[in-house]
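Structure, as structure tokens:
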Amino acid sequence: MFFHNPKVGGTSVRATIEHLHDDPEVFWGTDKATPEVQLDRAHLGIDEFAQHYPALWDRVQGYAMFCLYRDPLGRFFSSLAEYSKLHGAVDTRFAGAAARKSTLMAMIEKLQSYGQAEAVMDHYDLRHFRPQWVYWSSEGSEALEMTALPVTRIDALFEAIAARSGQPLTPATRNRGDQLELPGALAPLAASRSVKALANRLPGIGAVKSALRGRFTSKAKPSDRFDLSPEETREVQAFVDRFYARDLALWPAASGA
């Protein structure tokens with residue numbers, strides 16, 4: 001059983017093991033947990049799964065469980081890119097440095113109003129900023145056979161699942177989240193959600209996107225693309241450490257697959 005920690009390779013894992021899914025329940029999209037809360041079915045933590053799907057949770061007791069995790073700072077920047085792609089006025093994957101930095105600082109201010117990551121779990125638009133510990137740790141179930149691996153060891157995860165299932169796996173790559181350094185006027189156009197929405201209707205746009213990725217994908221780390229001063233870099237790191245304090249306190253010990 002795989003728990004999908006957002007922005008940690010989970011979409012690629014799902015695509016790789018999709019043929020092993022043996023329950024009619026499809027864990028994607030949303031559901032109404034309460035009239036006020038929109039449940040993110042794709043990224044359920046352990047205790048959320050047990051709470052909202054108790055019958056299925058009872059059936060999977062004794063199953064081997066897996067999840068991936070990632071350094072909080074890198075994941076935060078990936079979460080910001082995903083949020084800006086889906087909900088923001090500016091897509092940071094394509095925007096210029098000034099627009100990227102402005103978007104980053106605005107998001108930090110927004111998240112600071114919640115205190116820590118646990119407080120955003122019921123906010124669907126902030127789903128990619130959820131804490132990571134909920135995917136490897138449980139407050140209600142102590143006897144879990146959970147293997148938590150860093151995303152750098154995703155191949156070991158596939159090997160472990162293949163060994164458990166008795167079926168070979170062919171790794172798939174999905175939702176790469178490439179950062180592009182586009183020239184001239186292309187950058188603000190690509191960064192605009194409204195322009196992209198129009199462009200996506202054009203025939204052959206998939207081939208155009210592939211060509212742009214092939215030529216203009218940035219080699220820089222996401223954190224290096226925001227033109228941050230050393231002091232700003234320290235401030236961002238300090239925010240991430242505060243916001244994900246429980247992740248860091250419960251960080252998994254190195255485990256084999």
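Between Y135 and P6, the closest side-chain pair of non-hydrogen atoms falls below 4.5 Å. The closest side-chain heavy-atom distance from V134 to M121 is below 4.5 Å. Between I161 and L20, the closest side-chain pair of non-hydrogen atoms falls below 4.5 Å. Residues I17 and F2 meet the side-chain proximity criterion, which asks for heavy atoms closer than 4.5 Å. The shortest distance between side-chain heavy atoms of D23 and H21 falls below 4.5 Å.
Of the possible polar contacts, none joining the S102 side chain to the A98 backbone as a donor-acceptor pair under 3.5 Å is found. Under a 3.5 Å cut-off, the side chain of W136 and the backbone N or O of L250 do form a donor-acceptor pair. No side-chain donor-acceptor contact under 3.5 Å links H4 to the backbone of V8. With hydrogens and angles disregarded, a donor-acceptor distance shorter than 3.5 Å links the side chain of R100 to the backbone of A95. A donor-acceptor pair under 3.5 Å is formed between the side chain of R14 and the backbone N or O of A42. No donor-acceptor distance shorter than 3.5 angstrom exists from the side chain of R242 to the backbone of Q112, with no hydrogens or angles considered. In this structure a side-chain-to-backbone donor-acceptor pair under 3.5 Å is present from S84 to T92. The main-chain N or O of P131 is never found under 3.5 Å from a side-chain atom of D247 such that the two would form a donor-acceptor pair. No donor-acceptor pair under 3.5 Å is formed between the side chain of S78 and the backbone N or O of K7. The backbone N or O of Y244 sits nowhere less than 3.5 Å from a side-chain atom of Q116 that would complete a donor-acceptor pair.
For the residue pair Y53 and R41, a side-chain donor N or O sits within less than 3.5 Å of a side-chain acceptor on the partner.
Around the CZ atom of R164, the shell of radius 6.0 Å holds no more than 12 heavy atoms that belong to other residues, nucleotides or ligands. For E109, the CD atom counts as loosely surrounded, since its 6.0 Å shell holds 12 or fewer non-hydrogen atoms of other residues, nucleotides or ligands.
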- Verdict with supporting geometry, L149 and I154, side-chain contact (heavy atoms from CB on, under 4.5 Å): CA-CA 7 Å; L149 294 169; I154 192 170; over 6 Å; no
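Taking the six-membered ring where tryptophan is involved, the planes of F77 and F226 are tilted, since the angle between them lies from 30° to 60°. Relative ring orientation between Y83 and H87 is described as tilted, the plane-to-plane angle lying within the 30° to 60° band. Taking the six-membered ring for Trp and thresholds of 30 and 60 degrees, F76 and F129 have ring planes inclined between 30 and 60 degrees apart.
Cluster partners of Y124: none. The rule joins Ile, Leu, Val, Met, Phe, Trp and Tyr whenever side-chain heavy atoms lie under 4.5 Å apart, and it links nothing here.
Taken to the nearest 0.5 Å, the CG atom of L228 stands 11.5 Å off from the CD atom of Q237. With rounding to the nearest 0.5 angstrom, the OG1 atom of T170 is 8.0 Å from the NE2 atom of H19.
Considering only residues two or more places apart in sequence or on other chains, W133 meets the side-chain hydrogen bond (donor to acceptor under 3.5 Å, both in side chains) condition with E118.
A salt bridge links R130 and E48; the closest N-O separation between the charged side-chain nitrogens and carboxylate oxygens is under 4.0 Å. Between K85 and E82 there is a salt bridge, since a side-chain N of the basic residue sits under 4.0 Å from a carboxylate O of the acidic one.
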